[in-house]
Amino acid sequence: MQAHASAPGLGQAPAPRGGPGAPRAAAPRGPRPGVPAPAPRWRVAGSNGAEGASARVEEHKQREIARMLLTTQKNMLALNNSRVKVQEELAVANRRIQDLEREVERLRTEHAAAAQALTEARMAAPPQQAPGGSRTGSPAPPQQYGGGPPPQQQQQVQQQQQQQMQQQQPPQAQAPQQPAPPTTITLTYVSGWHNVYIHYTVDGKSWTNVPGKQLTPVEGEHNTKTITIEGTALEFVMNNGDNDWDSPGRFADKPKNYMIAAPGRYRLRSGKLEREA
């Protein structure tokens, strides 16, 4: 009798996995040999782009704030310098006012002393003699008649004698007239400044407006300029019209001014004031 093969699965154990009859698993895909792998693509989320723009705006604001602060500091520094300059000019003006007050007080004292001395000299001076020999202010004593001429005839005789004496005396030579003293001050200034001005007060009068009067060049002399001012006493400082000043005490704590006490010709050079004539 021929035996029939039984159907698979009926009375037979299943074939093991991985055996010759098991199907093969698909191999993982990878880059093929000789072909480079594609570069990874990065995607920027929308929130990251907004944050970058906000950061740039904030940085711009910070720069603007720093620039405004720097400008404000510069303006404050310039304002402070202007305030210090005004205070220095005010201090100089106050010192000048005090000097003028002291000068006025000195002149008043000298005037009062001169008036008193003149009064005392007039009181101490002897009375003047009249031409006839009698003193002014006191009548001549009356003459008594003896055997002489009457009073009218005596006066006539005295007048004739005086006329004869005047005719006999030689005429007195008139003293030569002295030239009038100068009333001007001529200042010559030697400096490398192109423009030179003098800010001054003359004979105790008010000061000129800043920068003052401009000096004129001296022909034939290098860096030399001159000016003539009417007056007998001068107090002054020099400048170039551009806030550069020349005074005796410009480097000291208490600035001073140049002083000229009498008319004449003067020369100022390198801070040294000398009289020429």
Side-chain angles (χ1 to χ4, degrees), residues 77-78 80-111 114 173-277:
L77 181 60
N80 186 46
N81 293 336
S82 300
R83 181 179 62 83
V84 172
K85 183 178 179 181
V86 170
Q87 290 180 350
E88 292 177 352
E89 293 178 353
L90 181 60
V92 172
N94 290 333
R95 286 193 293 269
R96 290 175 178 171
I97 292 174
Q98 294 176 0
D99 294 340
L100 290 176
E101 290 178 351
R102 287 193 294 268
E103 183 67 16
V104 170
E105 186 64 25
R106 183 184 65 81
L107 292 176
R108 287 179 179 175
T109 303
E110 292 180 356
H111 178 71
Q174 296 182 355
Q177 295 182 355
Q178 296 293 334
T183 58
T184 59
I185 297 174
T186 300
L187 177 64
T188 301
Y189 184 66
V190 181
S191 171
W193 286 341
H194 180 70
N195 295 321
V196 178
Y197 297 84
I198 178 172
H199 178 50
Y200 67 91
T201 173
V202 62
D203 295 336
K205 299 178 182 178
S206 59
W207 284 79
T208 58
N209 296 328
V210 177
K213 291 187 177 181
Q214 188 173 8
L215 280 69
T216 58
V218 177
E219 186 177 358
E221 295 188 29
H222 184 62
N223 291 337
T224 304
K225 297 174 178 60
T226 184
I227 190 172
T228 300
I229 300 173
E230 293 285 341
T232 58
L234 186 66
E235 181 179 0
F236 66 96
V237 291
M238 310 300 296
N239 68 94
N240 64 348
D242 195 18
N243 205 24
D244 291 330
W245 296 85
D246 177 10
S247 61
R250 61 186 181 276
F251 300 116
D253 295 336
K254 295 182 178 180
K256 298 180 181 179
N257 303 325
Y258 291 109
M259 304 290 294
I260 294 178
R265 302 180 64 88
Y266 296 84
R267 177 179 290 264
L268 176 59
R269 181 173 185 177
S270 300
K272 186 176 182 181
L273 181 62
E274 297 179 343
R275 181 166 184 169
E276 294 182 335

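The analysis underlying the following values was restricted to heavy atoms, covering all of them including side chains, and did not include hydrogens, waters or symmetry mates.
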Practice problem: Evaluate whether atom CZ of R269 has more than 12 neighbouring non-hydrogen atoms of other residues, nucleotides or ligands under 6.0 angstrom away. | Solution: no
Exercise. For N94, look at atom CG and say whether over 12 heavy atoms of other residues, nucleotides or ligands are found less than 6.0 Å away.
Key: yes
Closest approach of [X] and [Y], non-hydrogen atoms and distance?
{"X": "Y189", "Y": "S191", "answer": "CE2-CB, 3.2 Å"}
{"X": "V237", "Y": "S247", "answer": "CG1-CB, 3.6 Å"}
{"X": "E221", "Y": "T224", "answer": "OE1-CG2, 3.4 Å"}
{"X": "I260", "Y": "L273", "answer": "CG1-CD2, 3.8 Å"}

Quiz item: side-chain contact (heavy atoms from CB on, under 4.5 Å) with D99: which residues, sequence neighbours excluded?
Solution: R102
Measure from the side-chain N and O atoms of [X] to the backbone N and O of [Y], and report whether any donor-acceptor pair falls under 3.5 Å.
{"X": "D203", "Y": "T232", "result": "yes"}
{"X": "D246", "Y": "N239", "result": "no"}
{"X": "N240", "Y": "D242", "result": "yes"}

Practice problem: Enumerate the residue pairs fulfilling ring-ring contact (aromatic ring centres under 6.0 Å, His included) with a member in residues 200-232, sequence neighbours excluded, ordered by first and then second residue. | Solution: H199-W207
Practice problem: Measure the OG1-CD distance between T201 and E103 for me, rounded to the nearest 0.5 Å. | Solution: 9.5 Å
Quiz item: Roughly how far, to the nearest 0.5 Å, is the CZ atom of R95 from the CD1 atom of I97?
Solution: 11.5 Å
Self-check item: Name of the residue among V196, T188, T226, N195 meeting side chain to side chain contact (heavy atoms under 4.5 Å, CB included) with L215
Solution: V196
